[in-house]
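Throughout, protein chains are lettered first and strands after them, A, B, ... in sequence-line order, and every chain is numbered starting at 1. The figures here come from the full heavy-atom set of this structure, side chains too, leaving out hydrogens, waters and symmetry mates.
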Protein chains: 2
Amino acid sequence: MSTASIELVFQALADPTRRLMVERLSRGPATVSDLAEPFAISLSAVVQHLNFLEASGLVHTQKVGRVRTCRIKPAALRGAEQWFAARRTSWERRLDRLADYLAETGDPARKGNA
Amino acid sequence: MSTASIELVFQALADPTRRLMVERLSRGPATVSDLAEPFAISLSAVVQHLNFLEASGLVHTQKVGRVRTCRIKPAALRGAEQWFAARRTSWERRLDRLADYLAETGDPARKGNA
DNA sequence: GTGATACTTAAGTGGCGCCTTCACTATGTC
DNA sequence: GACATAGTGAAGGCGCCACTTAAGTATCAC
């Protein structure tokens, strides 16, 4: 996942309305009106959020007749999830190096504990 | 991870400066000045970002003398990662149900009722 | 003590983000 | 054709957010 994309994904999810829309869509496809229903905002505002979600790559939409059906794109979610995994492994590797260092230098505190 | 917390985490990561600070800290602890070094903004701005990161739970800081040392809090990263995992399983469960439904009613090799 | 370093806090500014309304198009129903 | 439904697009308001500068505090070195 590109830097620009992860940027947009986090920006998209930073807004509570958009995050709830993603949660809704992860349970299955929905129309624009379906998505709008739980919110006390104008349909226009919902469409703007939807456009943002589509630009971020989190959501794909398809218009048939006058109805626009929205679905999540699991790949985008997976990409964001992997960003966290990368941070975690970076952190874990550092701990490993630290452990190696302590083992090599014969850290007394480490030897003393069991 | 609470709703309020995931909110703050995504808001924190939506800003490129803060995201880079998190990436830096996932490679090991740093002082405020260390964190500020790559950025062409005032130290004051960096501290404001840092306060946000601390409020979001992503980062912990500790002041010794006049130096403030910053570390990531892996639990917060893990919590955010799990938000994505939950969406994914929600999506996968739906696919499973769909498969079951097709097996029962739509599959040419269906058995039993109709 | 003096001076330097490492932040810290407060106040102010500019821009962007979320929302609204209103006018509009396109499609489906009768 | 007439009406309803589903969504679109533009223009504007208002608040928040990232940033600045400037002044201040606390610690360290001498």
Donor-acceptor contact below 3.5 Å, side chain A/R18 vs main chain A/A12
yes
Return the angle between end axes of the helix from C/dG1-D/dC30 to C/dC30-D/dG1, with five pairs used per end and rounding to 10°.
30°
Taking only side-chain N and O atoms of A/H49, does any of them lie within less than 4.0 angstrom of OP1 or OP2 on C/dG17?
no
Over 60° means perpendicular and under 30° means parallel, so tell me whether A/F10 and A/W83 are parallel, tilted or perpendicular.
perpendicular
For A/L20 and C/dC18, what is the distance between atoms CG and P respectively, to the nearest whole Å?
14 Å
To the nearest angstrom, the CG-P distance between B/L53 and D/dC17 comes to 14 Å
Are A/W91 and B/L25 packed together at the side-chain level, in the sense that at least one heavy-atom pair is separated by less than 4.5 angstrom?
no
Can you work out whether A/G65 or A/D15 has the more 5'-proximal nearest nucleotide on DNA chain C?
A/D15
Rounding to an integer number of Å, can you tell me how far B/F39 CZ sits from D/dT20 C1'?
17 Å
Got A/L13 and A/D15 here, is their nearest side-chain heavy-atom distance under 4.5 Å?
no
Approximate separation, where rounding is to 0.5 Å, of B/R71 CZ and B/S26 OG:
14.0 Å
Could you run down nucleotides 5-10 of chain C 5' to 3' and tag each one B, S or - for protein heavy-atom contact under 4.0 Å?
BSBSBB
What is the distance, to the nearest angstrom, from the CD atom on B/E7 to the C1' atom on C/dC18?
13 Å
Quickly work out the B/R19 CZ to D/dA18 C1' distance and round it to whole Å.
15 Å
From B/L58 CG over to B/K73 NZ, what is the distance, rounded to the nearest 0.5 angstrom?
9.0 Å
Would B/R68 and B/E54 count as a salt bridge (Lys or Arg N to Asp or Glu O under 4.0 Å) if you check the C-alpha gap in whole Å, the side-chain angles of each, and the deciding distance to 0.1 Å?
CA-CA 12 Å; B/R68 187 167 160 199; B/E54 200 162 12; 3.0 Å; yes
Can you tell whether the side chains of B/E7 and A/R19 come within less than 4.0 Å, N to carboxylate O?
yes
